[in-house]
Structure formats: structure tokens, C-alpha cells
Amino acid sequence: MKNIDLDSIIPENDVEKEIIYDLKNGINKEVITRCPPEPSGYWHIAHVKAWTIDFETAKKFGGKTYLRMDDTNPTKEDGEYAESYLEDLRWLGYTPDKLIYASEEYFEDIYKIAEQMILDGKAYVCFLSAEEVSKTRGTLTQPGIESPYRNRPIEENLRLFRDMRAGKFEDGKATLRAKIDMAHPNMNMRDPVMYRVMRATHYRLGDKWCIYPMYDFAHPLEDALEGVTYSLCSMEFHEHRPLYEWFIENGWKKPYPPKQREFSRLTIENVLIGKRYLKQFVNDGIVSGWDDPRFPTLVGVRRRGYTAKALKDFVKSVGWGNVLEVTVPYSALEYYVRSDLNNIATRAMVVLDPLKVVITNYEKDGEEIEIENNPNDPNAGSHKAKFGKVIYIEKEDFALNPPPKYNRLVEGGVVRLKGAYIIKCNKVIYDKNGEIDHLECEYLPDTKSGNDTSGIKCKGTIHFVSEDNFFKITVREFKNLIKREVTNPAKALAEGAKVEDILEPDSLIEKTAYAENFLKSAKVEDKFQFIRKGYYCMDKDSTPDNYVFNSTISLKDGFKK
RNA sequence: UGGGGUGUCGCCAAGUGGUAAGGCACAAGAUUUUGAUUCUUGCAUUCGUAGGUUCAAAUCCUGCCACCCCAGCCA
């Protein structure tokens, strides 16, 4: 443990207060946390809260964080998922001090502890079926009934447990149960199952074991075995804490036992999380894969252009919490995404919906102009763009019948072209169908950006690309996958809503846009602000002939019509 | 109706006997060659509720109300 001045630490929640107390009073010597994903799906944004709490809490106290794959159920787990966690973690910028596969590292030790507990008369082999166990557990208001196998002699239990391991029982025929109290008001304490017989091929161990420990038994002992001092988990495990402590007390029996402490689970309005549903969306082809940019998975939001910093700042802003689940509006997350991108995204001019403009009084071949890469970052430099006789502006930046306080271009009016000149619109040219074909404008020569001597004031500045300085790109605009009004999609589905009832119909719109040539230097995952429009991120689908950009998030729009 | 938890602004959230921080959202204004950013201002006479103790209560006591979690050989 690094030297940390405990008095200089400002605790931000009750657990940090407790840690300071523990450290000062020798109840614990250091802070070791563990991050225990079960490799049974892809991580999503709400999981970042757990990562962040595990790693940041340890960091704050100069401690360590171990990554432990909690792979005790071979029927649900897969190496693909384990790999993806590792990559997500790297991306987030957290480096575990140890990487452990619980299955490989601890199964043998845990098995031995189980045998010792049998010897101590704390566990017994039970032949009740799952259904019978359920029936005899009692109810919330009534005590359970003790298993007929509960008081079998110790030696026989040991022999039977060894038989379980040796594969002498069929799946589901025998369990090892903790001998606690069938009348306990906490249901978790009514002789919980410690081991079950389960013949399934483990993704790391193959068929080495045919019995697997339950989470409630394995987790506390894994924590203890590797020296974890604070085992931080979400609030639904609060009820399991007495059991966690019971297994530590009866299975571990050594100093500095780990402490389980809980935080609130995070959910975000309008976002569908829940492995089951996400899996279904992938399998049904509703999204292109786990990394679809509309998906709340980490690989998805990463591809969308969200940053690790934004995610971490967001979850930190929500706090530790003390209820089961805290729900925050999506805008709370968006704030941090915009905030980070505003600082790091390179500005570029891209016209998403082009309208041709001819500068009738411009006779030169064109000229260079300069665009700041990031006005909020003096070190970001600038890049060159061009102004010329034919340019394209955004259709919505010209209005025949402008709403009040419209600052952009109107017939007979002026606007500033970002980084170039002020232009005046003289004439609207229509095509055969009566649609606007293009605009005829004049530029005001003494208004060039940086050298404006005209004294002309114009309220609006719009972006543009010139004809000899643009290339076509593909832009993917996203809407939220789930309809706006469905704030709790998982609940809606659980209550019987159909997927199509909650799905936003046009959540992906692909279009062609005109981008300044500067964007040709972009690389996959590079983040840009398309000036006045929003933040975009280059997608991995890009090819040299077709650059693809994902819309990360729009800029805030303060214009009120 | 057993046990465990929680109730402070629309949403998060500090506060633990001395007179309600902060963030998001929202609103108004200023600056701006991005209607962005930035800045400034506003936004709970009141802390689920009813009583009580006290000079003083969101904080202590009592009753009540509401919501959430637990009966997997899931984690």
C-alpha cells in the first residue's frame, strides 16, 4: 500500500468513511477491491458504475483492484465475453493489479473449504429435488422445514460429497447445503445450496468438474482467499450480506476478513439494458451486432463516439447511492459526452443537406481560408479550407419565409460564411418544378475573416464547403433505439409490451454529406465536431472510397422559433 | 401480514441539533465569426406525514403513510 495521508482524504460516501475508520484503527491494513464480472454477456454503460467504484475507491486509498472472472456457472459463460470485458476495461483506462479466473484459481481451495465445513458439521449433502427444496423453504411469513438429510453423520456427508465430485450422481440429484437455520427470517439463510451437480463444459476448465459452487458460497471465499478487503457490489446483494459473513466466519476463520458493502445500481431512462433483451435484439437482427452504435453496450457507445472519460465522469456524478436502483435521465449522460467532446473534438465543416450557392461577383480561382481545430483549445492549431465561386451551404440555413429572429440567410439579407466572407443573397433560382435550384449571392470583398474592414455587422455565421474542396461522405444519424416516451423499456417488455411497440422506427438514417477535404485525413474512432451540427466519429465500416461517420450527439440548439 | 431497505427541488445529491451545498434539467441576460462553448442570474420559507422534546429539528423521540428488495440447484 502506498503511503496515504488519511487525514487529507475527503470521504464521499459512508463506505469511504468506514474505510478511513478501519485503516486508522487497524481493522484493515489496506484497500483491496475486486471487480468480478460474470462473463455471460457484453457490458453496458450502467456497468461502468461498478468498474468505477471498484477502481476509484482503491485508487483513492492507494490500494489495489483485482479483476476476477466470476465464472462459476458454465452453462451461462463464454470466453468471448471474458475477452470483451478485458477490452472494455482497457478502453476505460483501468488496469487491474491482477487478473484471476475464479474457476482456475480457486475451485480447488473452495472445494477443500467445503469439506472442512462438512467436518465442522456446517454443511450436509441433500438429496431433495429442486422442487422439494423450494417447497420446504417456507414462505416470507412461514418458516421452512428441515431437510430429512440434515442430520446425517459427518463421515457419511463427507463420503457423499466426494461422490458428488466423483460424478456418482446425476445432475440435480444432490446438493451440498449449508446448515444454518430453516426458520431464519432472511430467506437466504435457510440452508442455502453451496454446490450443485452440473455436467456442462466450462469454457476454461472443460469437463474437469461436475460440481460447481454457488455464488453465495464461492464469492466470499474467493474474496477472502485473494485478500480482498472491501467487496463492493450492488444493492440487491444487501440481503445476502449475513450469508456472506456466515461463510467467511465458518469457512475462512482468519483475520482481516473482507467486508461486503453495497451501492445503488444505475439505470438510465429510455435505455434498454438487460442481457436477455440485448441478446434478443442481436439475434433478431434489430441491431447490427453487440457493437451497433445505437446499443448501450460499451462496444456500442464506443463506436458511437462516446468517450471513456465522459462515461466515468457521468457515473461519478451520480454518486454511490443507498437505494436498490437509481434512475437518471439520459440528458445527464449526454451532458458529460458533450462536455468531453467539446474539449477534444476537431472542428470541421460538413454540409449535411446541401444547397448550391454561386458567388456571382467572385472571379478568382478560389482562396485558402483557415479554420480553428478547436477554439476551446489554444494548442489545437488550425487547418486550411477553401472559399470559391461555387459553394454549398446547409438548406436550413436559407429561408424564403424566415421565422422571427432568424439569423441566417434570407433573400436580400447577409450572413457570414465561417472563416471567409460575408455574402448577400440577391436572387433565388428555381428549377422546372418550382423548387429552389440554387442561390445567386455576392460576396463583400472587404469582409474576409480576420481582415474585415467593412464595419458591416451580420448576426449569423454559417458553415459551408466550396466546390473544389469537398468530398462525399456517408453520415449515419441515429435516434434513440427506444421510443422517447418509453422511459423504462425493460419494464415495458416485462409487462408484455412487444418489441415493435417500444422500438423507434427510424433510429438509423444514412445519408450522403459534403465534407471539406480536411476530413480525408480522419482515422477510425477519430472524433470531430461538424461545426454547428454535432459530434461525429469515424466508423470502422469506412473504406478509402467511402468514409462513414456516426453521429455521436448533436450540439445543443438554443434557437427558439 | 416475516425480514431488510429508502423517503431532502422535475432528476441525481450533500447535510448527522444551530437556521436547506452542488450537478443535471429548465428560465432570463451578457459575450461569441459554431443560435455551441463560456459567463452571470433565477430556480425547496422547507426536508413523506402527524405529533412530541428543545431557545433552536431535515437532523433526536413516537405514531402513521408510501415505495423498493428477498421464497434460483442464477450472479
Side-chain angles (χ1 to χ4, degrees), chain A residues 12-13 36-38 40 70-73 75-77 126 128-131 133-144 171-177 183-190 192-198 211-212 214-216 218-219 233-242 262 264 266 269 314 317-336 338-339 342-343 347 349 371-372 374-376 405-408 415-420 422 447 449-450 452 458-463 529-535 554-560:
Chain A
E12 278 167 54
N13 51 259
E38 189 202 14
S40 61
D70 220 6
D71 47 5
T72 55
N73 186 347
T75 63
K76 292 170 64 186
E77 294 145 12
C126 180
L128 253 25
S129 70
E131 198 184 330
V133 168
S134 174
K135 264 188 200 149
T136 53
R137 188 168 356 250
T139 67
L140 296 177
T141 51
Q142 289 169 302
D171 285 18
K173 290 292 183 210
T175 56
L176 183 71
R177 290 229 258 164
H184 201 106
N186 182 338
M187 300 292 289
N188 296 306
M189 301 295 271
R190 320 245 259 229
V193 170
M194 294 165 63
Y195 268 94
R196 73 281 212 191
V197 180
M198 185 186 265
I211 57 172
Y212 287 90
M214 298 287 288
Y215 166 89
D216 276 324
H219 204 92
C233 60
S234 49
M235 204 60 88
E236 71 263 33
F237 292 102
H238 183 71
E239 247 60 34
H240 296 243
R241 195 148 115 188
E262 306 86 11
S264 296
L266 173 63
E269 277 181 11
F314 164 63
S317 79
V318 174
W320 187 281
N322 58 6
V323 290
L324 205 235
E325 181 169 279
V326 148
T327 305
V328 299
Y330 201 76
S331 59
L333 167 59
E334 291 183 315
Y335 172 81
Y336 291 95
R338 287 199 181 95
S339 167
N342 183 229
N343 291 326
R347 312 292 129 127
M349 295 207 281
I371 301 295
E372 281 181 294
N374 187 341
N376 300 124
K405 294 187 179 171
Y406 186 76
N407 286 345
R408 290 107 96 158
V415 265
R416 157 136 254 142
L417 294 174
K418 173 86 183 166
I422 293 176
T447 60
S449 188
D452 189 337
C458 82
K459 278 188 191 152
T461 301
I462 63 173
H463 58 102
Q529 184 199 93
F530 292 177
I531 292 175
R532 298 207 312 131
K533 300 310 291 182
Y535 297 100
S554 68
L555 251 29
K556 277 179 115 179
D557 185 2
F559 180 50
K560 286 170 200 72

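The sequence lines fix the lettering, A, B, ..., with proteins before strands; numbering per chain opens at 1.
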- Pairwise C1' distance, B:rC70 and B:rU62 [rounded to whole Å]: 29 Å
- Sticking with atom C1', work out how far B:rC69 lies from B:rU54, rounded to a whole angstrom. 37 Å
- Using a cut-off of 4.0 Å on non-hydrogen atoms, how would the nucleic acid contact of A:Leu128 be classed: base, sugar-phosphate, or nothing? base
- Message: Using whole Å, what does the distance between atom P of nucleotide B:rC12 and atom CG of A:Leu266 come to?
- Response: 11 Å
- A:Phe559, nearest nucleotide to its side chain (from B:rG35, B:rA71, B:rA36): B:rG35
- Query: Rounding to a whole Å, what distance do you find between A:Met194:CE and B:rG72:C1'?
  - Reply: 17 Å
- At under 4.0 Å between heavy atoms, what does A:Gly144 touch on the DNA or RNA strands: base, sugar-phosphate, or nothing? nothing
- Task: Pick base, sugar-phosphate or nothing for A:Glu12, based on heavy-atom distances below 4.0 Å to the nucleic acid.
- Result: nothing
- Under 4.0 angstrom, heavy atoms only, what part of the nucleic acid is A:Ser129 near: base, sugar-phosphate, or nothing? base
- Note on the structure: Assign each of A:Asn376 and A:Asn186 the nucleotide of RNA chain B bearing its closest heavy atom; nearer the 5' end lies the nucleotide of A:Asn186
- Query: Closest to the A:Tyr335 side chain: B:rG2, B:rU6, B:rA25?
  - Reply: B:rA25
- Task: Describe the nucleic acid contact of A:Gly460 in one word from base, sugar-phosphate, nothing, applying a heavy-atom distance below 4.0 Å.
- Result: nothing
- Task: Tell me what A:Asn407 touches on the nucleic acid: a base, only sugar-phosphate, or nothing, going by heavy atoms under 4.0 Å.
- Result: base
- Item | Span that lies between the P atom of B:rU6 and that of B:rG48, in whole angstrom | 13 Å
- Task: Name the nucleic acid region contacted by A:Tyr406, choosing base, sugar-phosphate or nothing; use a 4.0 angstrom heavy-atom cut-off, strictly under.
- Result: base
- Query: In terms of side-chain heavy atoms of A:Met187, which of B:rC70, B:rC24, B:rC74 is nearest?
  - Reply: B:rC70
- Message: With a cut-off of less than 4.0 Å, is there a side-chain N or O of A:Arg137 near OP1 or OP2 of B:rC73?
- Response: yes
- Where does B:rG72 fall, syn or anti, if syn means a chi angle no more than 90° from 0? syn
- Who pairs with B:rU1 - Watson-Crick or G-U, where each distance is under 3.5 Å: none
- Message: At 4.0 Å (heavy atoms only), tell me whether A:Gly172 reaches a base, stays on the sugar-phosphate, or touches nothing.
- Response: base
- Measure the spacing between NE2 of A:His238 and CG of A:Leu324 and express it to the nearest 0.5 Å. 10.5 Å
- Query: With a 4.0 Å cut-off on heavy atoms, is A:His240 in touch with a base, just the backbone sugar-phosphate, or nothing at all?
  - Reply: base
- Task: Could you work out which one of B:rA36, B:rC73, B:rC24 sits closest to the side chain of A:Lys556?
- Result: B:rA36
- Query: Considering only B:rC70, B:rU33, B:rC12, which nucleotide approaches the side chain of A:Val326 most closely?
  - Reply: B:rC12
- Pairwise C1' distance for B:rU38 and B:rU31, with rounding to whole Å: 8 Å
- Lys/Arg-Asp/Glu bridge criterion (N-O < 4.0 Å) met for A:Glu38, A:Lys76: yes
- Item | Donor-acceptor pair present, A:Thr141 side chain and B:rU1 base, under 3.5 Å | no
- Task: Take atom CZ of A:Arg416 and atom C1' of B:rU32, then tell me their distance rounded to the nearest Å.
- Result: 13 Å
- Task: Classify the side chain of A:Arg532 and the base of B:rG35 as holding, or not holding, a donor-acceptor pair under 3.5 Å.
- Result: no
- Given that A:Lys173 and A:Asn13 both sit by RNA chain B, which one's nearest nucleotide is further toward the 5' end? A:Asn13
- Task: Calculate the interatomic distance between A:Leu555 atom CG and B:rG35 atom C1'; express it in whole Å.
- Result: 10 Å
- Message: Can you check the distance between B:rG10 and B:rG52, where both ends of the measurement are the P atom (answer in whole Å)?
- Response: 28 Å
- Note on the structure: Winner on side-chain proximity to A:Ile531, out of B:rU34, B:rA75, B:rG35, is B:rU34
- Parallel, tilted or perpendicular: rings of A:His240 and A:Phe237 (30°, 60°): perpendicular
- Could you give the NZ-to-P distance, from A:Lys76 to B:rC73, as a whole number of Å? 13 Å
- Task: Mind calculating the distance between NZ (A:Lys418) and P (B:rA36) to the nearest angstrom?
- Result: 13 Å
- Distance between P atoms of B:rU59 and B:rG15 (Å, rounded): 15 Å
- Message: Between B:rG42 and B:rG23, how far apart are the two P atoms, rounded to whole Å?
- Response: 12 Å
- Query: For B:rC11, does OP1 or OP2 lie under 4.0 Å from any side-chain N or O of A:Ser331?
  - Reply: no
- With side-chain contact (heavy atoms from CB on, under 4.5 Å) as the test, would you mind laying out the steps for A:Thr175 and A:Val197 before giving the verdict? CA-CA 7 Å; A:Thr175 56; A:Val197 180; over 6 Å; no
- Task: For B:rU41 versus B:rU53, give the span between their P atoms, rounded off to a whole number of Å.
- Result: 42 Å
- Rounded to the Å, how far apart are A:Asn374 CG and B:rA36 C1'? 11 Å
- Nucleotide of B:rG72, B:rA75, B:rU34 approaching A:Tyr215 most closely (side-chain heavy atoms): B:rA75
- Query: Considering all heavy atoms of both residues, which atom of A:Asn407 and which atom of A:Val415 are nearest to each other, and what is their separation?
  - Reply: O-CG1, 3.7 Å
- Item | Closest to the A:Thr175 side chain, choosing from B:rG35, B:rC73, B:rU34 | B:rC73
- Query: At under 4.0 Å between heavy atoms, what does A:Phe237 touch on the DNA or RNA strands: base, sugar-phosphate, or nothing?
  - Reply: base
- Just checking, is any N or O donor in the side chain of A:Tyr330 or A:Glu269 under 3.5 Å from an acceptor N or O on the other one? no
- Rounded distance (Å) that lies between atom C1' of B:rC73 and atom CG of A:Leu176: 12 Å
- Show your reasoning for whether side-chain contact (heavy atoms from CB on, under 4.5 Å) applies to A:Asn73 and A:Met198. CA-CA 9 Å; A:Asn73 186 347; A:Met198 185 186 265; 3.7 Å; yes
- Item | Partner nucleotide of B:rU34 by Watson-Crick or wobble geometry (both distances under 3.5 Å) | none
- Would you say the side chain of A:Arg347 and the base of B:rU34 hold a donor-acceptor pair, judged only by whether the two atoms sit under 3.5 Å apart? yes
- Rounded distance (nearest 0.5 Å) linking atom CZ of A:Arg196 with atom CG of A:Leu176: 12.5 Å
- Just to confirm, is there a sub-4.0 Å distance from OP1 or OP2 of B:rA25 to any side-chain nitrogen or oxygen of A:Arg338? no
- Task: Kindly confirm or rule out a cation-pi arrangement of A:Arg408 over A:Phe559, judged by NZ or CZ under 6.0 Å from the six-membered ring centre and within 45° of its axis?
- Result: yes
- Give a yes or no on whether a donor-acceptor pair under 3.5 Å exists between the nucleobase atoms of B:rG3, that is its base, and the side chain of A:Glu239. yes
- Note on the structure: Across every strand shown, the nucleotide meeting Watson-Crick or G-U wobble geometry with B:rU6 (both distances under 3.5 Å) is B:rA66
- Which listed nucleotide (B:rA75, B:rG23, B:rG5) is nearest to the side chain of A:His238? B:rG5
- Task: Consider only side-chain N and O atoms of A:Asn376 and A:Asn342, and report whether a donor and an acceptor are under 3.5 Å apart.
- Result: yes
- Message: Quick check for you: among B:rG35, B:rC24, B:rA75, whose closest atom lies nearest to any side-chain atom of A:Thr72?
- Response: B:rA75
